[in-house]
Asks: 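This is the structure, below, for whatever I ask next.
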Amino acid sequence: QVQLVESGGGLVQAGGSLRLSCAASGRTSSRYDMGWFRQAPGKERELVARISWSGRSTYYSDSVKGRFTVSREKGKNTVYLQMNSLKPEDTAVYYCCADRSLVRAGVSPDYWGQGTQVTVSS
């Protein structure tokens with residue numbers, strides 16, 4: 001089993017920045033792609049960004065491209081999400097996830113964090 005623990009959420013004004021962190025513990029000897037989903041009230045959970053184990057491949061949803069940056073520590077199952085130019089519509093619970101292949105996993109990665117609230121005020 002793998003446990004994911006997120007940190008870094010909070011309240012910020014529109015235009016501000018936040019950095020989310022997620023660290024894996026447990027069976028971390030495997031190499032995992034990692035990423036971030038978010039879920040706003042009344043909406044489906046959506047993929048925001050993902051990064052491959054090597055860090056060479058990344059993906060961003062159109063809604064965050066150019067504002068968010070996903071990164072990871074080389075050789076470790078730790079992932080970050082730097083969020084800049086935040087908008088009220090970015091308000092959501094953000095979930096860290098991990099899977100041997102997030103591309104194959106789609107919206108059902110094997111492992112999820114507990115979620116961290118991000119609130120952007122206008």
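In this text the structure is predicted, and so the values were computed from the model without any measurement.
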Asks: Specify the closest pair of heavy atoms between Ala24 and Leu4, including all atoms of both residues, with the distance to one decimal.
Replies: CB-CD2, 3.5 Å

Asks: Please report the closest heavy-atom contact between Arg31 and Trp53, naming both atoms and the distance.
Replies: CD-NE1, 3.1 Å

Asks: Do any N or O atoms from the side chain of Asn77 and from the backbone of Ser30 form a donor-acceptor pair under 3.5 angstrom?
Replies: yes

Asks: Do you know the tightest heavy-atom contact between Pro109 and Phe37?
Replies: CG-CE1, 4.0 Å

Asks: Might you point out which heavy atoms bring Glu6 and Cys96 nearest each other, and give the distance in Å?
Replies: OE2-N, 2.8 Å

Asks: Show the nearest heavy-atom pair for residues Gln114 and Val5, with the distance to one decimal.
Replies: OE1-CA, 3.9 Å

Asks: Short question: side chain of Ser108, backbone of Ala105 - any donor-acceptor pair under 3.5 Å?
Replies: no

Asks: Do Gln117 and Thr119 pair up side chain to side chain, a donor and an acceptor below 3.5 Å, judged on atom types alone?
Replies: yes

Asks: Students often mix this up, so state it plainly: with edges at 30° and 60°, are the rings of Tyr95 and Trp112 parallel, tilted or perpendicular?
Replies: perpendicular

Asks: Show the numbers, then the answer: is there a side chain to side chain contact (heavy atoms under 4.5 Å, CB included) between Asp90 and Phe68?
Replies: CA-CA 11 Å; Asp90 294 318; Phe68 291 11; 4.0 Å; yes

Asks: Do side-chain atoms of Asp33 reach the backbone of Leu102 as a donor and acceptor pair under 3.5 angstrom?
Replies: yes

Asks: Is there a donor-acceptor contact under 3.5 Å from the side chain of Tyr60 to the main chain of Val70?
Replies: yes

